[in-house]
Asker: 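Quick one: the structure is below, and I'll ask about it shortly.
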Amino acid sequence: MTHCLEGKHLAFAYEPGQDILTDVDIAVRGGEVVGIVGPNGAGKSTLLRVLCGLLRTHSGQVRLDDKVLASFSSIQRARVIAFLPQTVNPVFSLTVFEVICLGRYPHVGALGGLGRHDLEVAERCLREANAEELRDRDFMTLSGGERQRVLLASILAQEPSLLLLDEPTSALDIHHQTEFFALLRRLCRKGYGIGVVTHDLNLAARFCDRLILLSIQRRLLAQGTPIDVLTEDLLSQAYSARIRVGVHPLTNTPLVTADAPEEEP
Ligand SMILES: Nc1ncnc2c1ncn2[C@@H]1O[C@H](COP(=O)(O)OP(=O)(O)OP(=O)(O)O)[C@@H](O)[C@H]1O
Ligand SMILES: [Mg+2]
């Protein structure tokens, strides 16, 4: 069964009267990759936290399969939605395989240990995230990019249907970035719905079905296909900078670049 997470007229403020999100509509449905883009501080991470139920809006509602998200228990939510935060700071020393096994928590009871099936799922996710060679390493000793691959394996082990990923490729090299987004496309063909925050507009152009562009001034500035959203006009407004958009000569998707500020004479 494919799932749908939908937010309508979402408004959220950390401090009363200072809205970070104003009247945002967003839907993440099984079978699509939705990119959330925009400048630093525009509210992308806040929006993901609202969508997974970690933050409550002061108006508007998030619904999962047409039921109010807040009516689900945290375990019920975790069986459907996996959230990968922008930064993860481990406090315990765990091996990579143990970190991946933590992803099984919504499927084992409070006192239950991991069964054979749980371990098989964890092994499969380790392979899927291309992290097999890291299996027995101490998670704390991994590089930033290696950690991101392992954390992806861990949330896949949760066996969710919807993934909400906050800058999951920020530390990955060009090869692993592309591989990661290609994996998202494969998951999406299997019925996963994916919401992904990224600063890489060129990867977003190539791999996302739809984009949501947030800006600091206007909050929700635009949404639609990458071609609709990645225009010089909208991006220059969003980033308060001169942004140029061409066409990638190999992938034929929008190619985005920002002008450097003029140097002092
Ligand atoms: N816990 C908090 N309390 C108060 N203000 C916060 C809190 N978290 C974030 N903010 C503020 O809310 C705004 C949006 O933050 P958010 O983290 O959602 O931005 P973002 O779009 O994810 O930015 P980035 O691209 O830098 O990750 C920022 O101005 C930030 O300083
Ligand atoms: Mg953020």
Side-chain angles (χ1 to χ4, degrees), residues 1-5 28-37 44-45 48 51-52 78-88 96-97 99-104 106-107 118-135 137 139 142-212 225-226 248 250-254:
M1 171 191 174
T2 59
H3 293 272
C4 174
L5 189 63
V28 179
R29 298 186 187 85
E32 64 177 1
V33 182
V34 179
I36 300 165
V37 298
K44 304 177 299 297
S45 299
L48 276 201
L51 281 178
C52 65
R79 286 186 185 144
V80 181
I81 305 170
F83 170 54
L84 183 64
Q86 190 167 350
T87 48
V88 175
V96 161
F97 192 68
V99 168
I100 297 172
C101 286
L102 287 180
R104 295 300 298 160
H107 302 281
D118 298 302
L119 297 174
E120 281 169 7
V121 171
E123 294 284 0
R124 172 169 53 75
C125 295
L126 182 73
R127 285 195 300 279
E128 230 163 4
N130 216 351
E132 283 155 294
E133 80 282 5
L134 305 173
R135 189 184 188 288
R137 292 272 306 275
F139 181 78
L142 300 184
S143 75
E146 289 168 342
R147 281 186 189 196
Q148 283 190 325
R149 277 151 57 203
V150 171
L151 291 170
L152 173 71
S154 179
I155 62 162
L156 289 178
Q158 211 177 305
E159 293 192 305
S161 302
L162 300 168
L163 302 178
L164 297 176
L165 311 171
D166 198 349
E167 298 196 37
T169 60
S170 58
L172 299 184
D173 64 52
I174 189 168
H175 164 64
H176 283 111
Q177 276 180 355
T178 314
E179 195 177 74
F180 187 98
F181 270 92
L183 170 62
L184 295 189
R185 291 253 43 116
R186 282 203 301 281
L187 293 171
C188 155
R189 279 197 293 277
K190 286 190 200 171
Y192 281 72
I194 298 162
V196 56
V197 172
T198 179
H199 284 297
D200 193 322
L201 300 177
N202 295 316
L203 283 175
R206 186 168 157 199
F207 290 102
C208 293
D209 297 297
R210 285 190 297 115
L211 295 181
I212 288 181
T225 65
H248 194 292
L250 301 177
T251 58
N252 218 23
T253 49

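We use all heavy atoms of the structure for the numbers below, so side chains are in, but hydrogens, waters and symmetry mates are not. Owing to the predicted nature of the structure, the values given are computational and were not obtained by experimental measurement.
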Asker: Ion pair present between Arg149 and Glu133, side-chain N to carboxylate O less than 4.0 angstrom?
Answerer: yes
Asker: Salt bridge check: are Arg79 and Glu159 linked by an N-O gap of less than 4.0 Å?
Answerer: no
Asker: Any side-chain heavy-atom pair from Leu156 and Leu163 closer than 4.5 angstrom?
Answerer: yes
Asker: Would you name the heavy atoms of Cys101 and Ala122 that are closest together and state the gap between them?
Answerer: SG-CB, 3.9 Å
Asker: Evaluate the criterion side-chain contact (heavy atoms from CB on, under 4.5 Å) for residue pair Leu211 and Leu201; output intermediate values, then yes/no.
Answerer: CA-CA 10 Å; Leu211 295 181; Leu201 300 177; 6.0 Å; no
Asker: Which value, rounded to the nearest 0.5 Å, describes the distance between Thr2 atom OG1 and Lys190 atom NZ?
Answerer: 15.5 Å
Asker: Where do Leu5 and Ile81 come nearest, in terms of heavy atoms and distance?
Answerer: CD1-CD1, 3.9 Å
Asker: Taking side chain to side chain contact (heavy atoms under 4.5 Å, CB included) as the criterion, tell me which of Thr178, Asn202, Leu184 meets it with Phe207.
Answerer: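 So the option named by the test is Thr178.
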Asker: For Arg147 versus Leu142, what's the shortest heavy-atom pair and its separation?
Answerer: NE-O, 3.5 Å
Asker: Determine whether Gln177 and Asp200 make a side-chain contact, defined as any pair of heavy atoms from C-beta on separated by less than 4.5 Å.
Answerer: yes
Asker: When rounded to the nearest 0.5 angstrom, what distance separates CG in Leu162 from SG in Cys52?
Answerer: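 One gets 11.0 Å once the value is rounded to the nearest 0.5 Å.
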Asker: Keeping the roles fixed (side chain from Glu32, backbone from Asp209), state whether a donor-acceptor pair exists under 3.5 Å.
Answerer: no
Asker: What's the shortest heavy-atom distance between Lys44 and Val37, and which atoms?
Answerer: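 Looks like CD-C, 3.6 Å.
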Asker: Is Arg124 close to Glu120 at the side-chain level, that is, under 4.5 Å between some pair of heavy atoms?
Answerer: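 Of all side-chain heavy-atom pairs linking Arg124 with Glu120, none is under 4.5 Å.
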Asker: Is the closest side-chain heavy-atom distance between Phe97 and Leu119 below 4.5 Å?
Answerer: yes
Asker: Write down the atom of Gly144, the atom of Ala171, and the distance for their closest heavy-atom approach.
Answerer: C-CB, 3.7 Å
Asker: So, taking the atom named CG in Leu203 and the one named CG in Leu172, what distance separates them when rounded to the nearest 0.5 Å?
Answerer: 10.0 Å
Asker: What are the two closest heavy atoms between Val80 and Pro160, and how far apart are they?
Answerer: O-CB, 3.3 Å
Asker: With no hydrogens and no angle check, is any side-chain donor or acceptor of Thr253 less than 3.5 Å from a backbone partner on Ala205?
Answerer: no
Asker: Between Ser170 and Glu167 (side chain of the first, backbone of the second, donor and acceptor by atom type, cut-off under 3.5 Å), is there such a pair?
Answerer: yes
Asker: Can you tell me how far apart NE2 (His176) and CG (Leu183) are? Round to the nearest 0.5 Å.
Answerer: 11.5 Å
Asker: Is the shortest heavy-atom distance from the side chain of Pro168 to the side chain of Leu152 under 4.5 Å?
Answerer: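 The answer is no, as the side chains (C-beta and beyond) never meet within the 4.5 Å cut-off.
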Asker: With heavy-atom distances below 4.5 Å as the criterion, would you say the side chains of Glu146 and Arg137 are in contact?
Answerer: yes
Asker: Could you tell me whether the side chain of Val33 reaches within less than 4.5 Å of the side chain of Cys208, counting heavy atoms only?
Answerer: yes
Asker: Quick check: does any side chain N or O of Gln158 sit under 3.5 Å from a backbone N or O of Pro106, one acting as donor and the other as acceptor?
Answerer: no
Asker: Under the side chain to side chain contact (heavy atoms under 4.5 Å, CB included) test against Leu48, which residue among Leu84, Val197, Leu165 passes?
Answerer: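 The single option meeting the side chain to side chain contact (heavy atoms under 4.5 Å, CB included) with Leu48 is Val197.
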Asker: Does atom CG of Asn252 have more than 12 heavy-atom neighbours from other groups under 6.0 Å away?
Answerer: no
Asker: Flag the pair Ile100 / Phe139 as yes when at least one side-chain heavy-atom distance between them is below 4.5 Å, and no otherwise.
Answerer: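 Sidechains of Phe139 and Ile100: no contact.
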Asker: To the nearest 0.5 angstrom, please state how far the NE2 atom of His3 sits from the OH atom of Tyr192.
Answerer: 11.0 Å
Asker: Kindly compute the distance separating CZ (Arg104) from CG (Leu102), expressed to the nearest 0.5 Å.
Answerer: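 Answer for the CZ-CG pair, Arg104 versus Leu102, is 12.0 Å.
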